[in-house]
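In what follows, chains carry the letters A, B, and so on, assigned in the order in which the sequence lines appear, proteins first and then strands, with residues in each chain numbered from 1.
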Amino acid sequence: MLEKLHITARQWKTGIKWAVYFVLFLFVMLFQTVCLGNVRFFEVSCNFLPVLLVCICIREEPGSGGLFTLIMSLIWCLSGADFGSISIFVLTIGGVFAGILCRAVINQRFLPCALCCLVVALVHESAIFLLKLLFNGVEPIFWLKRALPCALLSMVAYPLLYLLVKWISRIGGNNGV
Amino acid sequence: MKKHLNTKTKIVFALAVVLAAVTAIVAGLCAGATPGQSAVQTILSPFRSGFSSMTRLAERYYDYIFKYESLEAENRQLNERLSDMEEEVRSADSLQRENDRLRQLLELSDDHEDYHYAFAYIVSWDSSNYKSSFTIGKGTNAGLSTGMVAITEYGQVVGRITSIGTNWATITTVLDSSLQISGVIASSGYTGIMHGAYATGNEGKLRMDYLPMEAVIRNNDQVVTSGSTVYPKGLIIGYIEDADFDKTGVSKYAIVEPAADFDNLEQIFIITDYQTG
């Protein structure tokens, strides 16, 4: 059947892989907004999506990972996320650079990836905080009260997301270094 | 490193910049939901509703498994009380045999016969640290529209519909600093403007500004809506917790504890129609 559609087995498996990534993204987004949306830990809410998207960018080839992150962050923005436009910019650029860094300089192991995820999550929360500071008059102390704890707390899901992404990336052949 | 910055990557970067700018501009120009938001939220709404139903089911099973013994003891106590109460009911006046459950749920209908309601379950919350809003699983298909007020079954103000689609609506709560309500202290009649106080470090509270200097403000004074074309009159907003002079020194402000229990909010009622005045 694949031959009739002019799709190779490898292309089919690659398509399955990206579909599974999408399902994982959707699950994390729904879990975060439905189950944990009104839950606060130390007066702060979690945002696991930057961690997930950076993990995917690190595991996959920068162009493909970046494109996937771009589309998913666009969906996240259009689903009503606060200052979603900045998320599109920060997560795509940050994710791609994290992926390039892990391929060119460091490696894709657990701790280097964790550091990259933390940095991107922190930059993301700081960017949103900066916009809130400029346009909504939030007090500067809120970076310590909200942005920093949110980024740190979001890393709680990193081990599970790292393992899931690592397992999914093996579908259709390993693209990692 | 340069080999990784190929044409595809550069195109992705350019697209990211363009999409971020376009979404920001469109969001700024459109009041309420943009067409893209409307489409995505309409598609996501059934998924959110399904996920929300599964979460409530899981919570019920959790309660059943881990609270079984305490539930069993409570059940025994309630059965004893029930038999005592059945005795009381039998000897009560016939007027006291009205439907208690419906009256508790819609007690407002007796006080406000001009109100028309639609009810909805909360399907998801905005996970931002700077906003307080949630999404319900009903929209224009249920007769809702932007600007309608959401309340609890006890007439406590929850918020207003700020964006809407066919089968979803986003309600910004009174805790959000972007929402302003005109309120009045019920006992003294002093009016002020209320908004969420997270930006001043009082997360979970409301701030009532522009109170006159001579206003006498007491703790636990009830604050209600003053009535307008947006909010019906007399809905409970909260209770005063603290008061002080504001930075300008020409007026006072009060910190208000909201009446609605936002931590345990599951179902809300939207006032779809009412008579002003």
Taking atom [atom1] of [X] as the centre, does the number of heavy atoms from other residues, nucleotides or ligands within less than 6.0 Å exceed 12?
| X | atom1 | result |
| --- | --- | --- |
| A:Arg40 | CZ | yes |
| B:Tyr121 | OH | no |
| A:Tyr162 | OH | yes |

Locate the shortest heavy-atom distance separating A:Cys77 from B:Thr23; write the atom from each residue and the value. SG-CB, 4.1 Å
All heavy atoms of A:Leu78 vs all of B:Gln41, minimum pair found to be O-CG, 3.8 Å
Counting only heavy atoms closer than 4.5 Å, note whether B:Val123 contacts chain A via side chain, backbone, both or neither. backbone
Side chain from CB out, backbone as N, CA, C, O: work out which of these in B:Ser52 comes under 4.5 Å of a heavy atom of chain A, or both, or neither. both
Which of these, A:Glu43, A:Lys132, A:Lys145, A:Glu125, sits in a side-chain contact (heavy atoms from CB on, under 4.5 Å) with B:Asn129? A:Glu125
Does any backbone or side-chain atom of [X] lie under 4.5 Å from a heavy atom of chain B? Answer side chain, backbone, both or neither.
| X | answer |
| --- | --- |
| A:Ser73 | neither |
| A:Leu74 | side chain |
| A:Phe83 | neither |
| A:Leu30 | both |
| A:Leu26 | side chain |

When rounded to the nearest 0.5 angstrom, what is the spacing between [atom1] in [X] and [atom2] in [Y]?
| X | Y | atom1 | atom2 | value |
| --- | --- | --- | --- | --- |
| A:Ser79 | B:Trp168 | OG | CH2 | 10.0 Å |
| A:Cys35 | B:Glu59 | SG | CD | 8.0 Å |
| B:Phe13 | A:Thr92 | CZ | OG1 | 9.0 Å |
| B:Leu19 | A:Ile71 | CG | CD1 | 9.5 Å |
| B:Ile11 | A:Leu67 | CD1 | CG | 9.5 Å |

Which one of B:Ala16, B:Ser38, B:Ser127 has the most heavy-atom pairs closer than 4.5 Å to chain A? B:Ser127
Is A:Ser64 close to B:Lys8 at the side-chain level, that is, under 4.5 Å between some pair of heavy atoms? yes
Check: A:Thr33 main-chain N/O paired with B:Ser124 side-chain donor or acceptor under 3.5 Å: no
Does A:Asn38 reach the main-chain N or O of B:Phe262 with its side chain, forming a donor-acceptor pair under 3.5 Å? yes
What option among A:Val44, A:Leu91, A:Thr69 has the most heavy-atom pairs under 4.5 Å with chain B? A:Val44
Which of A:Ser85, A:Ala81, A:Cys46, A:Gly37 touches chain B most, by non-hydrogen pairs under 4.5 Å: A:Ser85
I'd like to know whether the aromatic ring centres of A:Phe31 and B:Phe51 sit less than 6.0 Å apart in this structure. no
